[in-house]
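Each chain gets a letter, A, B and so on, in the order its sequence line appears, and its residues count up from 1.
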2 protein chains.
Amino acid sequence: MNIGEAARASGISAKMIRHYEAIGLIAAGRGANHYRVYSQADVAELRFIRHARDLGFPLQDVKRLLDLWRNRARASAEVKRLALDHVAALEAKAKSLSAMAESLRHLADHCHGDARPECPILEELAGAFSSQVASLGDSENATKQAFSSQAVPLGGSENATKKQER
Amino acid sequence: MNIGEAARASGISAKMIRHYEAIGLIAAGRGANHYRVYSQADVAELRFIRHARDLGFPLQDVKRLLDLWRNRARASAEVKRLALDHVAALEAKAKSLSAMAESLRHLADHCHGDARPECPILEELAGAFSSQVASLGDSENATKQAFSSQAVPLGGSENATKKQER
DNA sequence: CTTGACCTTCCCATTATGGGAGGCGCCACA
DNA sequence: TGTGGCGCCTCCCATAATGGGAAGGTCAAG
């Protein structure tokens, strides 16, 4: 099948399929017309990728998972380690976001939200508080390792609805 | 003061200060040597920006907050609306991440994690499950509006420790 | 043979941040 | 007065994942 059909079958856009090929995640055969050709096995790989992305794995991890999946002699320990590291990163990020939300909600709770200019939210942003929120993310300990600011890609599967939002 | 000192005083890198100027967030005077010059008021703005970023506001929102802060005739209602919209986005994203983490942890719990190749994590990625996680993010409803896949910037304040992680 | 749907490659935009090169200013010390 | 080192300047590039769009080739149906 051609790329369009593979895209429909896998839930990954043609654009992204080409991109995944460009970065070496997958390979595709070519037909006489130099169109990309995909087999059912290729579609299965694409679906694997999509599932991994839905769970928030960055493409680098997806590549490793894909290599493990292809390798019949793999050790499940390695997969599990990748997964648990990712779980830790997800949870750390979720916690960090929740902390931000909570801080901000506290501030908003004290804001009248009317036509007057007085606003504790702005006052807090301008002033005193130094790093209550910031420190929360680090308050655990080992979470920092798996946590380069974009370790967790996010936006896993909201893509399907993106066009409608704009 | 020069940009380096302003950076130290505000906690924003000189690189970023220049960038914020380039995108019109802030303005800076110039000295005779065409070096940027910062006043205490400028540093206060930079700190404001940093606090807003620590709370996860995207720069676009920071710009609006900054404009509101500068405007003595603002209505606090507008600030509050911005804040609460952002809280909603943060919470939605946090929930989505937690859902991913939970799904993945379930999978990992069933994985032996030893030298054998059998691995339910890979099996699940390869196969059956279609979109349990994906649907969770949308299960609310109005959260989608404030939620273009990168509505929530993340990585608010982990920057200070980034060099050490590498 | 034309039309339209599909494919190709290449370039650009997004978000926020950092790295680095090449060049100039400035201060202190010899 | 010369010079070294540090700070600053402006550009360009890279990151992660995705989309948009242009310019052009291909194929099938009418």
Side-chain angles (χ1 to χ4, degrees), chain A residues 1-8 11-25 28-38 49-50 52-63 89 93 147-166, chain B residues 1-8 11-25 28-38 49-50 52-63 89 93 147-166:
Chain A
M1 71 185 79
N2 285 340
I3 199 171
E5 200 181 337
R8 264 166 265 131
I12 296 180
S13 72
K15 207 92 192 202
M16 277 301 101
I17 295 178
R18 290 193 198 98
H19 179 61
Y20 292 162
E21 182 184 344
I23 64 174
L25 248 195
R30 296 290 179 133
N33 46 11
H34 63 276
Y35 281 16
R36 289 173 181 80
V37 178
Y38 297 89
I49 292 172
R50 186 168 66 76
R53 293 287 303 134
D54 285 347
L55 287 173
F57 283 102
L59 289 180
Q60 206 173 4
D61 286 15
V62 173
K63 173 145 184 56
K93 192 58 88 177
F147 211 81
S148 75
S149 86
Q150 288 304 356
V152 178
L154 312 178
S157 53
E158 289 86 9
N159 303 327
T161 53
K162 226 190 225 170
K163 279 156 210 152
Q164 298 165 346
E165 298 166 35
R166 296 224 147 181
Chain B
M1 70 184 81
N2 286 339
I3 199 171
E5 200 181 337
R8 263 166 266 132
I12 296 180
S13 72
K15 207 90 193 203
M16 278 301 100
I17 295 178
R18 290 192 200 100
H19 180 60
Y20 293 161
E21 182 183 345
I23 64 175
L25 248 194
R30 295 290 179 131
N33 46 13
H34 63 274
Y35 281 16
R36 288 171 181 82
V37 177
Y38 298 88
I49 293 172
R50 187 168 67 77
R53 293 285 305 132
D54 284 348
L55 287 174
F57 282 101
L59 288 179
Q60 206 173 4
D61 286 15
V62 174
K63 172 145 186 53
K93 191 59 87 176
F147 210 82
S148 77
S149 85
Q150 289 303 355
V152 179
L154 311 177
S157 55
E158 290 85 11
N159 304 327
T161 52
K162 226 189 221 173
K163 280 155 209 154
Q164 298 166 345
E165 297 166 35
R166 296 223 144 183

Separation of dT15(C) P from Lys93(B) NZ (nearest whole Å) | 14 Å
Of Val37(B) and Ile23(A), the one whose closest DNA chain D nucleotide lies more 5' = Val37(B)
Side chains of Ile17(A) and Tyr38(A): closer than 4.5 Å at any heavy-atom pair?
-> yes
Side-chain donor/acceptor of Asn2(B) to backbone N/O of Gly4(B), under 3.5 Å | no
Atom NZ of Lys63(B) and atom P of dT15(C): how far apart are they, to the nearest Å?
-> 14 Å
When rounded to the nearest 0.5 Å, the distance separating CG of Leu55(A) from CG of Asp61(A) is 11.5 Å
To the nearest 0.5 Å, how far apart are NE2 in His19(A) and CD in Glu21(A)?
-> 11.5 Å
Separation of dG25(C) atom C1' from Arg36(B) atom CZ, nearest Å, is 15 Å
Using the C1' atoms of the five pairs at each end, what is the angle between the end axes of the helix from dC1(C)-dG30(D) to dA30(C)-dT1(D), to 10°?
-> 30°
Under 4.0 Å between a side-chain N/O of Arg30(B) and OP1 or OP2 of dT10(D), yes or no?
-> yes
Let me know the distance between CD of Glu21(A) and C1' of dA17(D), rounded to the nearest Å.
-> 17 Å
Over how many whole Å does the gap from Phe57(B) atom CZ to dT17(C) atom P extend?
-> 15 Å
Value for CG (Leu59(B)) from CG (Leu25(B)), rounded to nearest 0.5 Å, stands at 5.5 Å
When rounded to the nearest 0.5 angstrom, what is the spacing between OG in Ser13(A) and CZ in Arg50(A)?
-> 12.0 Å
List the steps and the verdict of side chain to side chain contact (heavy atoms under 4.5 Å, CB included) for Arg18(B) and Arg36(B).
-> CA-CA 9 Å; Arg18(B) 290 192 200 100; Arg36(B) 288 171 181 82; 3.6 Å; yes
Sequence-distant partners of Gln60(B), side-chain hydrogen bond (donor to acceptor under 3.5 Å, both in side chains), two or more places apart = none
What is the minimum heavy-atom distance between Ala14(B) and Ala7(B), and which atoms define it?
-> N-CB, 3.7 Å
Could you list by number each residue of residues 1-8 of chain A showing a heavy-atom separation from DNA chain C of less than 4.0 Å, or answer none if no residue does?
-> Asn2(A), Ile3(A), Gly4(A)
Over how many whole Å does the gap from Tyr20(B) atom OH to dA16(C) atom P extend?
-> 8 Å
Check whether any side-chain heavy atom of Val62(B) lies under 4.5 Å from a side-chain heavy atom of Tyr20(B), and answer yes or no.
-> no
Quick one: pull up CD1 in Ile49(A) and NZ in Lys63(A) and give me the separation to the nearest 0.5 Å.
-> 9.5 Å
How many Å lie between NE2 on His19(B) and P on dT15(C), as a whole number?
-> 10 Å
Return the value, rounded to whole Å, for the distance between atom CG of Leu59(B) and atom C1' of dA13(C).
-> 16 Å
Pick out the pairs of N or O atoms, protein on one side and nucleotides 25-28 of chain D on the other, that lie under 3.5 Å.
residue: dG25(D); atom: N2; partner: Tyr35(A); partner atom: OH; Å: 2.8
residue: dT26(D); atom: O4'; partner: Tyr35(A); partner atom: OH; Å: 3.1

So which of residues 11-18 of chain A are in contact with DNA chain D, with a heavy-atom cut-off of under 4.0 Å?
-> Ser13(A), Lys15(A), Met16(A)
Quick one: side chain to side chain contact (heavy atoms under 4.5 Å, CB included) partners of Arg8(B), sequence neighbours excluded?
-> Glu5(B)
With no hydrogens and no angle check, is any side-chain donor or acceptor of Arg53(B) less than 3.5 Å from a backbone partner on Phe57(B)?
-> yes
